[in-house]
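Computed from a predicted model, the values in this text were never measured in an experiment. First the proteins, then the strands, lettered A, B, ... as listed; each starts at 1.
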Number of protein chains: 2
Amino acid sequence: MAENMAERKKAILRAVTDDYITTAEPVGSRTIARKYGLGVSSATIRNEMADLEEEGYLEQPHASAGRIPSDKGYRFYVDSLMTGRYLPGFEEKRIRLEYERRRDEIRALIRTTARVLGDISQCASVVVGPAVKTAEIRHIQLVPLSSETVLVLVVTNAGLVEHRVLTIEHTMHSADLDRISRILNSKLRGSTLAQMRGAVLREVQAELSAYAAFLDQMFELLLAAMHSPDEERVYVDGLMQLLAQPEFKDVDRARPVLEFLESDDLVLRALAVAGSRGLGGTVVTIGSENVRDELQSCSVISAPYGVAGKVVGTIAVVGPTRLDYSTVTALVGYMAEGLSDILARLNSRESGE
Amino acid sequence: MAENMAERKKAILRAVTDDYITTAEPVGSRTIARKYGLGVSSATIRNEMADLEEEGYLEQPHASAGRIPSDKGYRFYVDSLMTGRYLPGFEEKRIRLEYERRRDEIRALIRTTARVLGDISQCASVVVGPAVKTAEIRHIQLVPLSSETVLVLVVTNAGLVEHRVLTIEHTMHSADLDRISRILNSKLRGSTLAQMRGAVLREVQAELSAYAAFLDQMFELLLAAMHSPDEERVYVDGLMQLLAQPEFKDVDRARPVLEFLESDDLVLRALAVAGSRGLGGTVVTIGSENVRDELQSCSVISAPYGVAGKVVGTIAVVGPTRLDYSTVTALVGYMAEGLSDILARLNSRESGE
DNA sequence: CTTAGCACTCCCAGCTTGCGAGTGCTAATG
DNA sequence: CATTAGCACTCGCAAGCTGGGAGTGCTAAG
């Protein structure tokens, strides 16, 4: 769109956007002339701003206030005007530090990510954790707990350790369980739980026909676990930071957004787009570009993370449309990359030699 | 305190409190006379109310508004006036239903508890999950993942399954790990991780001296896990419901409370009291009775839950001092009991025969 | 095309005003 | 002597008004 906009107009649009992002106040021609050295008078800027408004890049909250960027204006800003796209050094350092000490446990890692993301962006943050059902199985193991119960353990390539307790009818010996574990491992390693239902499953059943009843029970449990509404996958943080933003000083304006963020389902669906584009890209969705009504006044910046080229989850920042696109885009990109790196390390270690 | 308050005065205090709890509006003498059939005129009630105010049970938000209960008034209401203490049948049914389908996984159970608690009370809810370090160990198991990594699995009597991945230097054979697991089990079962460091630990070391290096590493990891600031233990829900309460329509009034609830540490400390009184009781803390500044305008109703007579966690509802003490007390009590029951069942199953 | 000047618009904060709700006092009542 | 009706009084709140300030759009001159 309008890449050929006159340079001065671009400069003005950038100035308005930059200023509004930091001050949260509608910005007038005078301010632009004073604070941003464009070498023209406020009257000239006024004319340009009137044009920009007519073209839909700016809008006035009310007749005699300054201008603020419209969604279209933000979009243009993000696509062609935004400078920087780098993360302040000390933030980067902080992230590395936090990640340094959380390398072991994936859940802690995810919580930390959400917290840091919220802290730095001063917005709400979302981290979607790995889904069990689509992750590659690294290891599967049956552990005897008591004569009546067996723990089914699944370790995925995303570092996730999932477990269920299975109540069994006939006592199984430790040796039996080991044998089953070994065969399950050799057959299932590398495939996903979702794929498991097909051919592989029948194959296992054939090889272990002696334990048919037990296996039935176990698979049923695993499939149920996998179909459970993706609980535990979505971590939200920084709600406080969001409330501190001036656009949400009115609780009634904030509530829809907070309610949206509280619903794991909706969040998952809204972030599905980011994941579908593959690793390495950040997606910015501005105001009315969001499908959901609740997010019409919000922007979402999201990026997928993953292992071995495969997407396993998404991280995102949700804030008012007036958000610091440059910094937050850099932030989200950096953290997604960081997460991917750590997962890769975890993964190589666990699949070791 | 003043158990010998005149019956009519009590009735009036009860009426004021009941009315204010449901309407959130200061209540005047006229309203009492009309809505609560005390058989006296508003003038009489006015006189009594003036007395009650002088004695500190009521207060006026401003000179010519109705009265609202003071913290002292609420305290008296909770201790001596409150009627009911029962939970509506349909709520009870809902809780049973929700618990019915979440019997297996303790984390899901806890999340559900928090959600339901928030839903029904229309307030914020907190569930403190079992701590690993003080829970009794039911089962401990080492699972080989790769030649470089071993999964350490600890199952506690509270149904908690905790796991850490341990990177080892020298390859361990599955048989070795089994042998270690067996011995660990026989020595450690029934004790807590916190107790582990002492005599038991040395005993194990002696018996398994061949694996000394490995054991050192493992214990270190477990102890580190146990000393990590109790992450993952605190689940908060119903923040939205809290914001919907009229006393929090102003974000600035709500923020301190929300910030408090976002800090796991503070929440844990505030709820420590409830746990220390043993199973079966609910604790009500009203407004200024709370130590923390952030909670001066809130009331907290909490109850511990546990297994085999031992407290393993706490659930709580946090709302404005104007909260429905009768219903919420019943609710919190009922859910704590329900949680305990489920844990007991889990426990007996896993330690089975 | 740019700019200075100016009239105009509109929000906002502060003030006033008129209700309505509720109180406290007083005097009358059983 | 407790209870009650009556009444003046207080106060918060919403509505209406007002002045100031910020910012615009227009126009005419450079």
Does the side chain of S125(A) come under 3.5 Å of the side chain of D237(A) through a donor N or O and an acceptor N or O? no
Nucleotide dC10(C), atom C1' - distance to CD of Q60(A) in whole Å: 10 Å
Distance in angstrom units between L58(B) CG and dG22(C) C1', rounded: 14 Å
What's the CZ-C1' distance between R67(A) and dT9(C), to the nearest Å? 13 Å
Could you state the atom-to-atom distance from CG of D51(A) to P of dC26(D) in whole Å? 11 Å
Return the value, rounded to whole Å, for the distance between atom CG of L38(A) and atom P of dT2(C). 12 Å
Can you check whether R30(B) has a side-chain N or O nearer than 4.0 Å to OP1 or OP2 of dG20(C)? no
Assign a letter to each nucleotide of nucleotides 2-21 of chain D from its 5' end: B, base within under 4.0 Å of a protein heavy atom; S, sugar-phosphate only; -, no contact. -SBBB---BBS---------
Return the minimal non-hydrogen interatomic distance between N290(A) and S299(A), and the atom names on each side. ND2-CA, 4.5 Å
Neighbour count >12 (heavy atoms, 6.0 Å) for atom CZ, R30(B): no
Rounded to whole Å, the CE-C1' distance (M49(B) to dC25(C)) equals 17 Å
Nucleotide dG22(C), atom C1' - distance to CD of E59(B) in whole Å: 17 Å
Among side-chain atoms of D51(B) and Y57(B), is any donor-acceptor pair under 3.5 angstrom? no
More than 12 heavy atoms of other residues, nucleotides or ligands under 6.0 Å from CZ of R94(A): yes or no? yes
Spacing of E54(B) atom CD relative to dC25(C) atom P, expressed in whole Å: 10 Å
If only side-chain N and O atoms count, and only distance matters, is there a donor-acceptor pair under 3.5 Å linking D18(A) with Y36(A)? no
